[in-house]
Colleague: 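The structure is given below, and queries will be raised subsequently.
Note that this is a predicted model, so its numbers are computed, not measured.
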Amino acid sequence: MKECQSFKKLQAIVSKIYGIDDLKLDTVINEVKTVSEDNDYFIRSFESEFNIDMSSFPYYKYYEEDQFILLSIFRRLFRTTMKGKQKLTVRHLLRVIRKKKWHE
């Protein structure tokens, strides 16, 4: 039951920030075409909503840092993807919620 509630809360965050309403366990969160500010907001919201210790989260292993806002907008408009980044799935995030701490 708790897992279902966690999924629903995670779905609400993802919907609010990324606009994805059809969330599945294998959805890769960091393959969504967004600007870096959205990614930062997602991680902060995830940490806050579920009271997760994300201090060891290796941000750049999962996300790229945009140097300029124009680059972020370009990526979003032309749907470019990040290559070589570790996949951040809904299934993994649910495991992190259970442990209350980031882990690989």
Colleague: For Asn51, check side chain to side chain donor-acceptor pair (under 3.5 Å) against everything at least two apart and list the hits.
Modeller: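 Not a single residue meets the side chain to side chain donor-acceptor pair (under 3.5 Å) criterion with Asn51.
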
Colleague: For Lys99, does the NZ atom sit with more than 12 other heavy atoms under 6.0 Å from it, leaving out its own atoms?
Modeller: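 For Lys99, atom NZ is not crowded (no more than 12 foreign heavy atoms under 6.0 Å).
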
Colleague: Give me the atom names and distance for the closest heavy-atom approach of Lys85 to Tyr62.
Modeller: CB-O, 3.9 Å

Colleague: If you compare all heavy atoms of Phe50 against all heavy atoms of Lys9, which two are closest, and at what distance to 0.1 Å?
Modeller: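 Closest pair (atom of Phe50, atom of Lys9, distance): CZ-CB, 3.5 Å.
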
Colleague: Please identify each residue that fulfils side chain to side chain donor-acceptor pair (under 3.5 Å) with Asp21, with sequence neighbours left out.
Modeller: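 Listed in chain order: Ser15.
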
Colleague: Any idea which heavy atoms bring Pro58 and Trp102 closest together, and the distance?
Modeller: CD-NE1, 3.3 Å

Colleague: Hey, could you give me the CD1/CZ distance between Ile43 and Phe57, rounded to the nearest 0.5 Å?
Modeller: 4.0 Å

Colleague: Would you name the heavy atoms of Gln11 and Leu23 that are closest together and state the gap between them?
Modeller: CA-CD2, 3.6 Å

Colleague: Treating Lys101 as the side-chain partner and Ser55 as the backbone partner, does any N or O pair qualify as donor plus acceptor under 3.5 Å?
Modeller: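 Side chain of Lys101 to backbone of Ser55, a donor-acceptor pair under 3.5 Å: no, none is there.
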
Colleague: Answer yes if Val28 and Phe46 sit in the same cluster of Ile, Leu, Val, Met, Phe, Trp and Tyr residues linked by side chain heavy atoms under 4.5 Å apart, and no otherwise.
Modeller: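 Val28 does not cluster with Phe46.
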
Colleague: Can you classify the ring geometry of Phe42 versus Tyr18 as parallel (below 30°), tilted (30 to 60°) or perpendicular (above 60°)?
Modeller: tilted

Colleague: Just to verify, what does Arg98 make a side chain to side chain donor-acceptor pair (under 3.5 Å) with, not counting sequence neighbours?
Modeller: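 Applying side chain to side chain donor-acceptor pair (under 3.5 Å) to Arg98 gives Glu3.
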
Colleague: Keeping Thr27 on the side-chain end and Lys24 on the backbone end, is there a donor-acceptor pair under 3.5 Å?
Modeller: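 Answer holds: yes.
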
Colleague: Pairs of donor and acceptor atoms involving the side chains of residues 86-96, under 3.5 Å and at least two apart or interchain, shall be tabulated with distances.
Modeller:
| residue | atom | partner | partner atom | Å |
| --- | --- | --- | --- | --- |
| Thr89 | OG1 | His92 | N | 3.1 |
| His92 | NE2 | His103 | O | 2.7 |

Colleague: Which residues satisfy the salt bridge (Lys or Arg N to Asp or Glu O under 4.0 Å) test with Lys61, sequence neighbours excluded?
Modeller: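 Result, salt bridge (Lys or Arg N to Asp or Glu O under 4.0 Å) vs Lys61: Glu104.
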
Colleague: Which residues satisfy the side chain to side chain donor-acceptor pair (under 3.5 Å) test with Lys16, sequence neighbours excluded?
Modeller: Tyr41

